[in-house]
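Please read the structure below before turning to the comments.
Computed over heavy atoms, backbone and side chain alike; hydrogens, waters and symmetry mates excluded. All chains are named by letter (A, B, ...) in the order of the sequence lines, taking the proteins before the strands, and each is independently numbered beginning at 1.
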Amino acid sequence: METITTDVAIIGAGGAGLRAAIALAETDPALRIALISKVYPMRSHTCAAEGGAAGVIKPDDSFDFHFHDTVGGGDWLSDQDCVEYFVNEAPKELLQLEHWGCPWNREADGSVAVRPFGGMKKQRTWFAADKSGFHILHTLFQTSLQFPSIVRYDEYFALDLLVDDGRCQGLTAMEMRSGQLRQFHAKAVIIAGGGAGRMFPFSTNGAIKTGDGMAMAYRAGAPLKDMEFIQYHPTGLPNTGSLLTEACRGEGGILVNKHGRRYLQDYGMGPETPVGQPQLKTMELGPRDRLSQAYWHELQKGNTVSTQWGECVLLDMRHLGAKKINERLPLVHELAESYLGVDIVKDPVPIRPVVHYMMGGISTNTRAATPLPGLFAAGECACVSLNGANRLGSNSLVELLVFGRSAALSAIEHIQGLPAANAAALNVGAEATQARIRELFSRSDGSESMSGLRKEMTDTMEKNVGIYRTEEGLKEGVAKIHELRERYRRVILTDRTNVFNTDLFQVLELGSMLDCAEAVTVGALARKESRGAHQRLDYPDRDDTNYLRHTMVYRQGAEPPRVDYLDVVITRSPPGVRDYSGDHK
Amino acid sequence: MSRNPLVREVSPTSWFFRHPRYLRYMSREITSIFVGAYCVLLVVAVQRLAAGREAWEGFLLALQGPASIAFHLLALVAAVYHAATWFNATQKAMPLQIGEEFLPGNVISGAHYVAWAVLSGGVLFLAGVI
Amino acid sequence: MPPAQPGTVSAADAAPHGGAVASPGRPGGSKERTVQLEVLRYNPDTDTEASFQRYAVVCPEEGVVLDALNEVKASVDPTLNYRWSCHMAVCGSCGMMINGEPKLACHAFLRDYAGVIRVEPLAHFPIERDLVTAPDDFMEKLKRVKPYLIPKESKPIDAGEYKQTPAQLMKFRQYSMCINCMLCYAACPEYGLTPRFIGPAALTLAHRYNQDSRDGGRKQRQEVAATHEGVWECTFVGACSEVCPAHVDPASALQQMKIASSVDWIVEHLIPGGNGS
Amino acid sequence: MAKSHKPVVWFPFAAGGTVIAFFIPVIVLLTLLAALGHVPPGLGYDSLRAFAGSSLGKPIIFGVVALSLWSSAHRLRCTCYDFGLRADTLVATVLYVAALAGSLLVAVYLLGMPAA
Ligand SMILES: Cc1cc2nc3c(=O)[nH]c(=O)nc-3n(C[C@H](O)[C@H](O)[C@H](O)COP(=O)(O)OP(=O)(O)OC[C@H]3O[C@@H](n4cnc5c(N)ncnc54)[C@H](O)[C@@H]3O)c2cc1C
Ligand code: SF4
Ligand code: F3S
Ligand code: FES
């Protein structure tokens, strides 16, 4: 097996991975950087982000406001030292992007424009039309092209981390176009592999979001944190799951049920605001968890609209008028029109909540370090505990930047004066990967189809780990995922050839998702309270006495995982009431 | 065993049959044959004019005849097709931004068509046709 | 192994793989239809040339060609290979030839097709396997045009943003929308005939930065853009703009670059003291 | 990689394309009328000769013919390539020389027509 020796290896070339790579290259041009991604960088799912990125820039705003919005939005499960660091770094990172050419929307005077976003007290979301993530990703990718020290390994599928001497020292990956395995020996590894929304059948996430990075870390012994917090976005197209950005509501779109009632006022987010005059942090600009939960209640009450795509509520943007819609929400206009056949200028569009984002991930601290020395993580795959129990829209894109950079700086610090690697020991690890793949290719007793298992998994996740959860459902979910993990050992690889074998990659991705699903279900069952995106019908209240803590799930080989807890860092905002009524201060 | 990408050659002589838009492109390019030939005719015309009245009138007489009429019709079609594609293209090559907005492309090509009509009318007028 | 069998394979006669839909969750009963696909297959491990294979799958009426492929992969033939991710026409992965036209499979609506839909890998790129092509040439060219901001005057982050009016933004915004899907390369015959041509998308990105009020790097980019392999290889076929799913209009960018490059040349060669910046 | 000198040939091509678009159709129309036996008054020897002799007419005639010739020659060169004729240098030389020769002739003829 060919060995590639480098200083820092980065898994994932989305927003977080690219930001880390650039920070490494800028800080120390002599560093050798390997940027490994299973897709070409610009295909990474960061490109799908529409709404924008939050950072304090306007005079009426303050770091304090952003801090409190984030902590409250996260239902006090955020580590406040982390939030503090984040809100301070956010504008710098967004300005840095501006200096790299990101086409942010502008005010008439040439300064950067901001828009309102859910759960934010002030307008602080920077945006580039409704293609913000796309522009961020391409700006980063294009900027990265000027650094010769960033060596890209595009379409390399990362498989396992190499750990020796208690330190993460590299990884194995498969060159997808040849099917050849490679081992990367690195002094530090940064995982930026993105989320795992594909565990669910109905998701805004692209096909690549299968949690491989999380699973790799998990298998290597690093804990996954707060995995039970899965964000449902309230406004997804009911057939494809494509997202209609929160900016729809930020710009003034309203949500109504089948009686035409703006039902959010019935769920603590009233009183009703005048149509077309959205007010920050209330009604349609409440946080995502609350809005998605309100949909669920409407569904129970029979207030939803039955469509050929299932039960929906309506997002009405007609009053915005064609001009504003085309100026501010062109992508939304086009998506609804082409995929659903609804012209948002003329008709309200049916929508329903859709799995969107994972608050949880590889446990990291504010410096983006995992408990496993030499392993760093950033972006959606990491849980730095910025987002707590519910992420506010437009905080994630900035998180990629802030903690992507932070991971790079920490990695550089880590590699100073490290002893030389024991190549032979790493080789042993690499051979284990090779054996695993060989076994898959030569398996003769396979009896399970990949797509069959995958369907059972996604159905289980939707049924048992949805917006509202119960003890019974979660127990069933844990058992089912356990069963599927067992059966996964007998999955058949139909395609046993070498070149770009996506059957193989889908099998591997299913394995990753099952690892993540295990942590999600186990964590959810153990958390007997309702907080943010984790809502239990049997424990409807937040329980700060027992659960103001992060769930830490450790893998135990074939045994069920171990669940542990870690205290939340509270510095200056004691747990309070999340108030999204119009009367909030 | 592993990579062996398959390269599909593009036929240099028949590629334009692959898609109607390529045929449209080639017909635009082929106008140059007729326009070019007509330009040669213009060179001859200038020579005849310089050679004096008789030569010129002989030239005008020689223009008559079915072959010449056919050639003229072809050249006319080619020139008009060229003109239309050219005007439609100008909006791409020279977009006009006024404030934030770009002038819609059809306004630019529309202006060209108007100018074309005026100029052609002018020439016809000077030539005593209208 | 299934590839290269004559006749149509459908879910009914496929082996044990349970009938699962790979991607979009599809609640409720939307209208469905049987879609016939004819897909070009090639596997370097087993084939010396490419051949078509037929599939028939049931898909929702308002679906896209990508849904049909996903259905094939999930329930008929797991050995079929293609790229995709976002299913919303923004990641640029799923470019392929659909009935001879370069298209994003996730943006090719079944309602626009009747009869057998012919699916082939993107033209003008080597076929790695099935519908997967090798984009190395494009990636290399992208890098060559320096598609990143080369600031006119650099300033520290603390000094705040570069001011840019909405009008200045609009001047290049359209050209910044390129999703690198390479459909324009598959459409441009000049690229097919002369592969060293830098091509529409890469040049358009150069233009995007040239047009940016913050940028001062045009001169550097001209070293590539104003060469024979640059804009001058373009004969204004216009196919690039016709197929571009992001409405980038590369044809427009390239013609503007030709005019600007010509003006440069004149300044450089015909005006005493001109330096053709 | 050196910058291309293509602008030398491209600029006149673009200018010629514009000239062709605006003027050639109507000129063809005029000679078509002549071909049909209805010589337009403006194509009569006296008026045309006067125009060609004038200091306004000379450059106009020269401009229209020379630019149109050049533009056609350039486009024909590309067309040859598109048809698969790959001897581009040869094709270009032949066509450009022909266009230049045509223009030169027109200039000589025009200079031979002093104002009457
Ligand atoms: C539709 C949508 C809209 C959104 N809108 C917003 C918004 O408006 N504002 C906001 O703040 N957030 C938004 N988000 C969230 C945000 O976009 C994501 O959380 C963020 O982009 C994730 O970035 P990332 O860098 O962590 O991962 P990604 O961009 O997903 O990149 C993951 C990378 O990891 C690589 N990778 C994964 N597995 C492997 C492997 N096995 N081997 C090699 N490489 C691998 C992939 O190739 C890829 O390069 C949105 C998300 C979605 C889905
Ligand atoms: S210019 Fe258009 S067609 Fe070409 S790569 Fe970009 S988005 Fe795709
Ligand atoms: S199709 Fe090709 S030739 Fe030019 S205008 Fe577009 S690049
Ligand atoms: S899947 Fe992303 S563009 Fe089609």
Side-chain angles (χ1 to χ4, degrees), chain B residues 11-16 25-26 28-43 45-47 49-53 56-57 60 63-65 68-69 71-73 75-76 78-80 82-87 89-90 93 112 115-116 119-124 126-129, chain D residues 14 17-18 20-49 51-52 61-62 64-66 68-69 71-79 81-86 95 98-99 102-103 105-106 108-113:
Chain B
S11 157
T13 50
S14 63
W15 60 269
F16 39 87
Y25 161 75
M26 286 304 257
R28 183 190 87 191
E29 297 299 285
I30 287 171
T31 61
S32 63
I33 298 180
F34 300 99
V35 173
Y38 185 77
C39 287
V40 173
L41 184 81
L42 286 184
V43 177
V46 178
Q47 193 268 333
L49 186 67
R53 181 182 302 274
W56 177 248
E57 273 157 10
L60 286 181
L63 276 186
Q64 293 183 20
S68 160
I69 293 174
F71 170 70
H72 269 86
L73 286 174
L76 185 63
V80 169
H82 165 91
T85 54
W86 197 268
F87 296 149
T90 315
H112 278 84
W116 187 33
L119 284 172
S120 301
V123 172
L124 289 177
L126 290 176
V129 177
Chain D
T18 311
I20 295 174
F22 277 118
F23 294 106
I24 296 294
V26 66
I27 296 174
V28 179
L29 201 62
L30 292 177
T31 57
L32 175 63
L33 285 174
L36 292 167
H38 306 282
V39 179
L43 291 198
Y45 180 75
D46 293 320
S47 43
L48 204 58
R49 176 64 182 73
F51 182 61
I61 293 175
F62 179 77
V64 167
V65 179
S68 303
L69 262 178
S71 189
S72 304
H74 178 73
R75 193 168 248 186
L76 210 51
R77 170 190 172 188
C78 300
T79 310
Y81 187 85
D82 288 338
F83 271 114
L85 207 62
R86 288 300 165 82
L95 287 169
S103 307
L105 285 176
V106 169
V108 170
Y109 301 146
L110 283 172
L111 291 177
M113 284 189 277

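- Within the 4.5 angstrom heavy-atom criterion, only side-chain atoms of D:Phe23, from C-beta onward, approach chain B.
- Residue contact with chain D, scored on non-hydrogen atoms closer than 4.5 Å, involves the backbone and the side chain of B:Gln47 alike.
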Expected list for residues 29-40 of chain B: side-chain donor-acceptor pairs under 3.5 angstrom, two or more places apart:
residue, atom, partner, partner atom, Å
B:Glu29, OE2, D:Arg75, NE, 3.3
B:Thr31, OG1, B:Arg28, O, 2.5
B:Ser32, OG, B:Glu29, O, 2.6
B:Tyr38, OH, D:Ile27, O, 3.3
B:Tyr38, OH, D:Thr31, OG1, 2.8

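- Looking only at heavy-atom pairs under 4.5 Å with chain B, the residue among D:Gly37, D:Gly102, D:Gly112 that has the most is D:Gly37.
- The nearest pair of heavy atoms linking D:Ala21 to B:Trp86 is CB-CB, 4.1 Å.
- Using a 4.5 Å cut-off between heavy atoms, D:Leu30 contacts chain B through its side chain alone, with no backbone atom that close.
- Contacts between B:Trp116 and chain D at a heavy-atom distance below 4.5 Å involve backbone atoms as well as side-chain atoms.
- Contact record, D:Pro40 with B:Val129: CB-CG2, 3.6 Å, taken as the closest heavy-atom pair.
- For the set D:Leu110, D:Leu43, D:Val64, the count of heavy-atom pairs under 4.5 angstrom toward chain B peaks at D:Leu43.
- With sequence neighbours excluded, the residues satisfying side chain to side chain donor-acceptor pair (under 3.5 Å) with D:Arg77 are D:Asp88, D:Tyr96.
- The most heavy-atom pairs under 4.5 Å with chain B, out of D:Gly44, D:Ala99, D:Gly42, come from D:Gly42.
- With a threshold of 4.5 angstrom between heavy atoms, D:Ile61 approaches chain B through side-chain atoms but not through N, CA, C or O.
- Of the listed residues (B:Leu49, B:Val43, B:Val46), the greatest number of heavy-atom pairs within a distance under 4.5 Å of chain D belongs to B:Leu49.
- Most heavy-atom pairs under 4.5 Å with chain B: of the set D:Leu48, D:Val108, D:Val65, this distinction falls to D:Leu48.
- Contact annotation for D:Ser47: neither backbone nor side-chain heavy atoms come within less than 4.5 Å of a heavy atom of chain B.
- Residues D:Ala35 and B:His72 approach most closely at CB-ND1, 4.2 Å, considering heavy atoms.
- Among all heavy-atom pairs drawn from B:His82 and D:Gly17, the shortest one is NE2-O, 2.8 Å.
- D:Leu29 is listed as a side-chain neighbour of B:Leu124, based on a closest heavy-atom distance under 4.5 Å.
- The aromatic rings of D:Phe83 and B:Phe16 lie perpendicular to each other, with more than 60° between the two planes, well past the 30° mark.
- D:Ile24 pairs with exactly one of B:Leu76, B:Leu42, B:Val80 by the side-chain contact (heavy atoms from CB on, under 4.5 Å) rule, that one being B:Leu42.
- Contact of B:Ala115 with chain D is made through backbone and side chain together, with heavy-atom distances under 4.5 Å.
- Panel note: side chain B:Trp56, backbone D:Asp46; no donor-acceptor pair is recorded below 3.5 Å.
- Among D:Thr18, D:Leu85, D:Val106, the residue with the largest count of heavy-atom pairs under 4.5 Å with chain B is D:Thr18.
- Chain D forms more heavy-atom pairs under 4.5 Å with one residue of B:Ala79, B:Ala75, B:Ser14 than with any other, namely B:Ala79.
- Only the side chain of B:Tyr25 comes within less than 4.5 Å of a heavy atom of chain D; its backbone N, CA, C and O stay farther away.
- Between chain B and the options D:Leu95, D:Leu33, D:Ile20, the largest number of non-hydrogen pairs under 4.5 Å is found for D:Ile20.
- Residue D:Ala34 touches chain B through both its backbone and its side chain, counting heavy-atom pairs closer than 4.5 Å.
- Only the side chain of D:Leu105 comes within less than 4.5 Å of a heavy atom in chain B; its backbone stays farther off.
- Heavy atoms of D:Ser103 lying under 4.5 Å from chain B are absent altogether.
- Proximity of D:Asp82 to B:Trp15: side-chain heavy atoms (C-beta onward) are separated by under 4.5 Å at one or more points.
- Nearest approach of D:Arg86 to B:Pro12, heavy atoms of both residues: NH2-CB, 3.3 Å.
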